[in-house]
Amino acid sequence: MNKKDFIALFAKNAELKTKTEAEKLVAAFLNTVEETLVAGDGVAFMGFGKFETLVREARTCVNPRTKEKMNVAAKKVVRFKAGKALAEKVNVVEKKAKKGSKKSK
């Protein structure tokens, strides 16, 4: 789903009158999350998940094409960890009962 489709769905779910209003709300949310992460703090939503920054240490790796060793500098990365409720919803496996699956003796 791209941003345009997301905003349309968000406007519908939030019962907003215009997509412009929905776009402003989505932009405000994303900007707030961004500001919080840049400041070094995490953002957690119980049941949904947590956005946080982690420091990836400097390391040496090998270019698979040239086999040359390369140094990769340390950097901050953003990580999202899904909450239990979201993870369970995403991983729902429907149990389908098949007719005649039980063997008769």
Side-chain angles (χ1 to χ4, degrees):
M1 173 178 289
N2 62 29
K3 184 177 177 181
K4 181 180 175 182
D5 295 337
F6 179 82
I7 288 172
L9 182 61
F10 181 81
K12 179 183 171 190
N13 288 342
E15 299 177 358
L16 300 174
K17 294 180 181 180
T18 65
K19 290 181 186 175
T20 304
E21 187 178 1
E23 189 170 5
K24 287 180 183 177
L25 291 172
V26 169
F29 171 77
L30 294 175
N31 287 338
T32 304
V33 171
E34 182 180 311
E35 288 175 16
T36 305
L37 292 171
V38 168
D41 296 326
V43 179
F45 298 99
M46 291 299 292
F48 183 75
K50 181 178 182 179
F51 296 92
E52 60 187 347
T53 56
L54 302 172
V55 176
R56 184 172 289 165
E57 299 296 327
R59 65 190 190 280
T60 302
C61 63
V62 178
N63 182 331
R65 183 175 290 167
T66 64
K67 308 294 187 220
E68 179 183 348
K69 288 188 177 182
M70 301 170 28
N71 292 322
V72 179
K75 66 178 181 177
K76 287 185 179 179
V77 294
V78 177
R79 180 176 99 168
F80 175 76
K81 182 171 187 210
K84 183 178 178 182
L86 177 61
E88 288 174 355
K89 287 179 183 178
V90 169
N91 290 307
V92 169
V93 177
E94 293 183 28
K95 295 179 181 178
K96 296 181 180 180
K98 295 181 181 179
K99 291 184 180 180
S101 62
K102 293 183 180 179
K103 295 181 182 179
S104 57
K105 293 182 180 181

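Annotation: ring pair (Phe, Tyr, Trp, His ring centres under 6.0 Å) contacts involving residues 12-42, sequence neighbours excluded, comprise Phe29-Phe45. Counting only residues at least two apart or in different chains, side chain to side chain donor-acceptor pair (under 3.5 Å) contacts with residues 39-55 comprise Glu52-Arg79.
Residue Val43 is grouped with residue Phe80 when hydrophobic side chains (ILVMFWY) are merged at heavy-atom distances under 4.5 angstrom, including chains of intermediate members. Follow the hydrophobic side-chain contacts under 4.5 Å out from Phe48 and you reach Val90 in the same cluster.
Taking CG from Leu30 and NZ from Lys3, the interatomic distance works out to 7.0 Å, rounded to the nearest 0.5 Å. One finds the OG1 atom of Thr18 at 11.0 Å from the CD1 atom of Ile7 (value rounded to the nearest 0.5 Å). Separating the NZ atom in Lys12 from the NZ atom in Lys19 is a distance of 11.0 Å, to the nearest 0.5 Å. With rounding to the nearest 0.5 angstrom, the CD atom of Glu15 is 11.5 Å from the NZ atom of Lys17.
Of all non-hydrogen atoms in Phe10 and Val26, the two that sit nearest each other are CD2-CG2, 3.8 Å.
At least one donor-acceptor pair closer than 3.5 Å links the side chain of Asn91 to the backbone N or O of Ala87.
Val77 belongs to a hydrophobic cluster whose other members, connected by ILVMFWY side-chain contacts under 4.5 Å either directly or through intermediates, are Leu54.
Within 6.0 Å of the CE atom in Met1, the count of heavy atoms belonging to other residues, nucleotides or ligands exceeds 12.
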